[in-house]
Amino acid sequence: MSIGPDVAAVGRIEAIKSVLRVLTQTTGLRLAVVARVTAEAWTCCAVLDEMNFGLKAGDTLEITTTFCNTVRSTLAPLLVTHASQDPRFRDHPAPRMYGVESYIAVPLYRKDGTYFGVMCALDANPAALSEDKLEIFRHLGDLVGHQLEQEDALNERDARLLGAHEASLLREQLIGIVSHDLRNPLNAISLAAATMMRLEELDERSRRGLRRILDASDRAHRLIRDLLDFTHVRTGMPLPINPQAADLHQLIRQVVDEVQLTAPERELDVVHAGDARGTWDPDRIAQVLTNLLANAMQYSPSDSPIRVEARGEAQKVVLSVSNVGEPIPVGLLPTLFKPMTRGTTTVTERRSVGLGLFIVEQVARAHGGQVEVVSTAEAGTTFRVHLPRGA
């Protein structure tokens with residue numbers, strides 16, 4: 001049985017990279033895979049590899065050497081936190097042959113109930129994975145399976161000259177579905193962690209663990225919001241904004257204080273100049289600043305300061321975020337604000353879907369403004385968001 005068409009079908013799902021990125025974000029594991037699994041073979045269909053495992057689409061493994069074979073046999077989700085110390089798997093080939101210690105997976109089905117394979121994430125390091133992560137995997141697994149069914153339908157319709165626009169629209173809708181369906185389990189995780197944080201008998205180690213859960217949940221919430229905004233724009237809908245009177249000096253101070261709580265080791269300097277009052281959507285401006293700060297912290301040395309400035313001018317307010325570090329390569333500047341783009345050509349451990357700057361520009365445009373960037377080795381990198389004061 002040829003499984004080449006199945007590999008190609010997964011490869012055509014444009015949102016699959018975002019789905020795999022969500023998996024690494026929510027679990028902390030560095031390798032996420034969608035695999036076609038049969039009784040004879042394990043075949044990689046899509047992969048996000050951040051631990052240099054060397055896996056690529058089309059690669060095959062001996063099925064009996066993988067944890068995915070257990071998922072195929074039981075047709076049930078599987079969670080392994082430390083394989084070499086787990087009585088079930090310490091003699092399994094996976095930790096010995098591939099160095100896999102942590103693993104989480106769910107079976108994948110097409111919409112008609114046909115078994116397809118496995119969606120999994122794994123790592124060479126042990127990981128404190130909780131059962132609630134499986135709920136996120138189940139949601140995403142159902143959605144990927146549904147999209148596989150859509151790909152089959154698209155193949156049939158392509159034979160009848162299906163327009164490229166309609167095919168693209170169907171794929172973009174997956175991102176919106178993923179974003180909506182992830183919110184409920186994430187909200188449950190955040191609520192449970194926040195409730196436990198209020199317990200007086202918690203020791204400091206437990207509090208640190210809960211704080212990491214809350215921080216990871218906050219990052220996932222921001223990622224979901226970016227994905228929803230991306231879906232709005234790519235499906236032709238305007239980015240929703242709710243303009244109201246606001247003072248950017250106050251708003252910036254509030255956002256910086258919130259970011260500082262999650263990154264107390266970073267030096268964030270705030271500078272105010274002129275009158276910064278106007279009419280904007282405060283939540284959207286906070287989203288812009290959060291994305292720019294995350295970008296600045298990601299691409300600057302951890303011991304270097306980041307400068308945030310709001311400067312009032314006659315007809316507008318200019319919000320800028322500056323950091324030192326390696327300049328953005330000149331060749332990347334023309335596409336910097338396109339989705340799924342990053343300001344570096346270097347393969348790193350950084351995890352990001354690549355929507356942050358795209359959303360920054362879309363929010364600026366929705367307010368009648370624009371974004372510019374200046375990046376040099378001498379002066380570092382500065383993003384400036386020009387925001388007309390509005391009505």
Among residues at least two apart in sequence or on other chains, which ones pass side chain to side chain donor-acceptor pair (under 3.5 Å) with [X]?
X: T114; result: D112
X: S320; result: none
X: Q362; result: none
X: T81; result: none

- Looking only at side chains, do T65 and Y98 share a donor and an acceptor under 3.5 Å apart?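 T65 vs Y98: donor-acceptor pair found between side chains.
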- Could you verify whether a donor N or O on one side chain and an acceptor N or O on the other, from D203 and S206, lie under 3.5 Å apart? yes
Going by heavy atoms in the side chains, are [X] and [Y] under 4.5 Å from each other?
X: H367; Y: D281; value: yes
X: D59; Y: T43; value: no
X: H92; Y: F67; value: yes
X: L48; Y: R21; value: yes

- Checking R90, R96, E101 against S84 for side-chain hydrogen bond (donor to acceptor under 3.5 Å, both in side chains), the one that qualifies is E101
- Query: What about F116 and Y109, are their ring centers closer than 6.0 Å?
  - Reply: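 Between Y109 and F116, which both carry aromatic rings, the centre distance is not below 6.0 Å.
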Presence of salt bridge, [Y] and [X], under 4.0 angstrom:
X: R277; Y: D247; value: no
X: E313; Y: R311; value: yes
X: R307; Y: D269; value: no

- Message: Quick one, R88 with T70, criterion side-chain contact (heavy atoms from CB on, under 4.5 Å). Give me CA distance, side-chain angles, the key distance, then yes/no.
- Response: CA-CA 11 Å; R88 300 172 300 168; T70 302; over 6 Å; no
- The complete set of salt bridge (Lys or Arg N to Asp or Glu O under 4.0 Å) pairs with one or both residues in residues 255-268, sequence neighbours excluded, reads R253-D257
- Taking ring pair (Phe, Tyr, Trp, His ring centres under 6.0 Å) as the test, write out the residues that go with H386, two or more places apart.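 Result, ring pair (Phe, Tyr, Trp, His ring centres under 6.0 Å) vs H386: none returned.
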- Item | For the student: nearest non-hydrogen atoms of P282 and Q244, plus distance | CD-CG, 3.5 Å
- In terms of heavy-atom contacts, C45 and A57 come closest through O-CB, 3.6 Å
- Task: State yes or no: do L332 and V373 share one hydrophobic cluster built from I, L, V, M, F, W and Y residues joined by side-chain heavy-atom distances below 4.5 Å, directly or via other members?
- Result: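 L332 clusters together with V373.
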